[in-house]
Amino acid sequence: MSRLVMKFGGTSVANIERIRNVARHIARERLSGHDIAVVVSAMAGATNQLVGWCEDAAKLYDRREYDAVVASGEQVTAGLLAIVLQEQGIPARSWQGWQIPVLTSNDHGSGRIQHIGATAILDGFAARGEVAVITGFQGLHKESGRIVTLGRGGSDTSAVAVAAALGADRCDIYTDVDGVYTTDPRIVAKARRLDRIAFEEMLEMASLGAKVLHVRSVELAMAHRVKTFVRSSFDDPAQSNQGTLICDEEDIVESHVVTGIAFSRDEAQLTLRRVADSPGVAAAIFMPLAEANINVDMIIQVASEESGVTDLTFTVSAADFERAQTILFQEQKRIGFTSLHGASDVVKVSAIGVGMRSHAGVAARAFKALAEKGINIRAITTSEIKFSVLIEAAYTELAVRTLHSLYGLDKA
Ligand code: ADP
Ligand code: ASP
Ligand code: MG
């Protein structure tokens, strides 16, 4: 019998009525002859509340206990969905990460799945025709025996990893939109749903802020060739509806130079003024940040009119903003800057498309279009299939819409 993994995100399981609706989607697929493993998220808002409680409890909380707390949201939904399925006459049982087990690395709050034991779930299919309802987002670090979570949005990754472990024919990611769009449809009404998107493009979209899929889930889907389909749980459960298939580049017929626009508000900008323009200075700045596990993203260096000194601007994630400033001030003597300016009201807007490999001047057109709208670009990065600009946060929507229209992505 063919195997299917179905993942339902927070809004899809937000209350008992929505969980009943999820059960209808499962019943449909079961009737069409699949063995089914379901991966669920916590009910909408539940994880935020759990995180908030940890933060209230202690400023510097034990990350192992944080994981014990935040993993509980998924436990509730898995149990509830199993109850609802049983009530509808469908054999089902819930599985927590440690029971399967889903083995992870020891990185609390950002664990990586290393192995999933498929035997018990396959036995449940064969012996009892049982739907396995699995908690997303969590696993077990075997050596320490502790629960580990995979990072916010990590249930997508659980689902794709389960699909790979079970050798599933497909992994359906059910969410509150009916697929992957050319940009966030909640920001741009003219965004278009894509029937297909290449793995590489989806990976960039997700890394650059499109939270419709967790980055690691796309990496896993790509590495293990998991056929991943994004679709809506709000569509009619009685029929199989449209969505977006994440697939190989070769399988896409219609091609655009730019496939999508993503944006990330999780950015902060730091500028060091009058840094000595001499060998070793970049290392003096970036080494201490690297040692503190702070990722630096965009970097620009501007020679000042005065010889021998330069200004240096770079970005870090908003979560690292304060820590980065503290470290730089600690190192001020060694680095030798005169002042440090920080800004957190910035956003990174990116355009993504495999077509950029074969087309020149794609980014240049964006710079011109943004300038015409009076949007100042503070930093730029480019790579083979994407470019990003850092701008003032107040212009986010205008910039995203401008680029979306510029590259012909607006729906008619
Ligand atoms: P879930 O709880 O089901 O995991 P998420 O909130 O994590 O759902 O992801 C779905 C949301 O992603 C959508 O509601 C949408 O606002 C947002 N999103 C951002 N970029 C895109 C995009 N390019 N296509 C579709 N949705 C997107
Ligand atoms: N419940 C977790 C979160 O809110 C994981 C997920 O939904 O994917 O981040
Ligand atoms: Mg999500």
Side-chain angles (χ1 to χ4, degrees), residues 5-26 36-57 61-86 92-102 104 107-113 116 131-141 146-163 171-177 186 206 211-217 230-234:
V5 172
M6 305 171 75
K7 180 260 173 179
F8 294 90
T11 40
S12 304
V13 292
N15 54 46
I16 301 297
E17 197 33 56
R18 295 231 51 86
I19 292 177
R20 289 209 176 95
N21 185 62
V22 161
R24 289 181 202 114
H25 282 284
I26 296 168
I36 294 169
V38 184
V39 173
V40 287
S41 290
M43 290 166 143
T47 310
N48 286 348
Q49 184 178 49
L50 295 166
V51 170
W53 284 341
C54 292
E55 288 168 351
D56 275 358
Y61 47 77
D62 182 334
R63 297 176 64 77
R64 294 164 301 187
E65 301 309 341
Y66 164 94
D67 275 352
V69 174
V70 299
S72 68
E74 274 67 14
Q75 181 174 345
V76 173
T77 353
L80 287 173
L81 178 57
I83 292 174
V84 167
L85 286 167
Q86 288 169 7
R93 74 152 280 185
S94 67
W95 292 93
Q96 290 182 56
W98 63 269
Q99 293 172 315
I100 295 175
V102 175
T104 69
D107 308 299
H108 284 280
S110 57
R112 288 169 77 90
I113 296 177
I116 295 185
V131 173
V133 185
I134 302 169
T135 51
F137 184 51
Q138 49 158 281
L140 170 76
H141 178 244
R146 307 291 311 236
I147 291 170
V148 172
T149 63
L150 309 180
R152 298 305 305 271
S155 293
D156 300 327
T157 298
S158 309
V160 174
V162 167
C171 179
D172 284 352
I173 307 279
Y174 285 82
T175 181
D176 55 4
V177 284
R186 299 193 194 288
K211 72 165 185 164
V212 62
L213 284 178
H214 193 233
V215 179
R216 182 84 185 119
S217 72
V230 179
R231 56 199 302 182
S232 171
S233 73
F234 290 73

Heavy-atom closest contact ([X] atom, [Y] atom, distance):
X: G97; Y: T135; value: N-OG1, 3.2 Å
X: L50; Y: S72; value: CD1-OG, 3.6 Å
X: A82; Y: S94; value: CB-N, 3.9 Å
X: V5; Y: A159; value: CG1-O, 3.7 Å
X: A42; Y: T47; value: CB-OG1, 3.4 Å

Backbone of [Y] reached by a side-chain donor or acceptor of [X] within 3.5 Å:
X: H141; Y: V148; answer: no
X: D67; Y: H108; answer: no
X: R216; Y: T157; answer: no
X: T11; Y: A44; answer: no
X: T77; Y: G73; answer: yes
X: T149; Y: A71; answer: no

Counting C-beta onward and ignoring hydrogens, is there a side-chain heavy-atom pair between [X] and [Y] closer than 4.5 Å?
X: S158; Y: Q138; value: no
X: Q75; Y: I147; value: no
X: I19; Y: M43; value: yes
X: Q99; Y: R93; value: yes
X: V13; Y: L81; value: no

request  = Start with the C-alpha distance between W95 and V102, add both sets of side-chain angles, then the distance that settles side chain to side chain contact (heavy atoms under 4.5 Å, CB included), and finish with yes or no.
outcome  = CA-CA 10 Å; W95 292 93; V102 175; over 6 Å; no

[X] [atom1] to [Y] [atom2] distance, which is reported to the nearest 0.5 Å:
X: L213; Y: I173; atom1: CG; atom2: CD1; result: 6.0 Å
X: I26; Y: L85; atom1: CD1; atom2: CG; result: 4.5 Å
X: N21; Y: S12; atom1: CG; atom2: OG; result: 8.5 Å
X: I134; Y: S155; atom1: CD1; atom2: OG; result: 11.5 Å
X: K7; Y: H214; atom1: NZ; atom2: NE2; result: 10.0 Å
X: S233; Y: M6; atom1: OG; atom2: CE; result: 10.0 Å

ask   = Parallel under 30°, tilted from 30 to 60°, perpendicular over 60°: which one fits the rings of Y174 and F8?
value = parallel

task = Assign the ring pair Y66 / Y61 to parallel, tilted or perpendicular, where the plane angle (0 to 90°) is split at 30° and 60°.
result = parallel

inquiry  = Set out, in order, the CA-CA distance, both residues' side-chain angles and the distance that settles salt bridge (charged side-chain N to carboxylate O under 4.0 Å, His left out) for D107 and R112, then state yes or no.
reply    = CA-CA 7 Å; D107 308 299; R112 288 169 77 90; over 6 Å; no

Quick check: are there more than 12 heavy atoms from other residues, nucleotides or ligands sitting under 6.0 Å from [atom1] of [X]?
X: R152; atom1: CZ; answer: yes
X: W98; atom1: CH2; answer: no
X: R64; atom1: CZ; answer: no

request  = Please report the C-alpha distance between D176 and R186 in whole Å, then the side-chain angles of each, then the deciding distance to 0.1 Å, and finally whether the salt bridge (charged side-chain N to carboxylate O under 4.0 Å, His left out) criterion is met.
outcome  = CA-CA 11 Å; D176 55 4; R186 299 193 194 288; 3.1 Å; yes

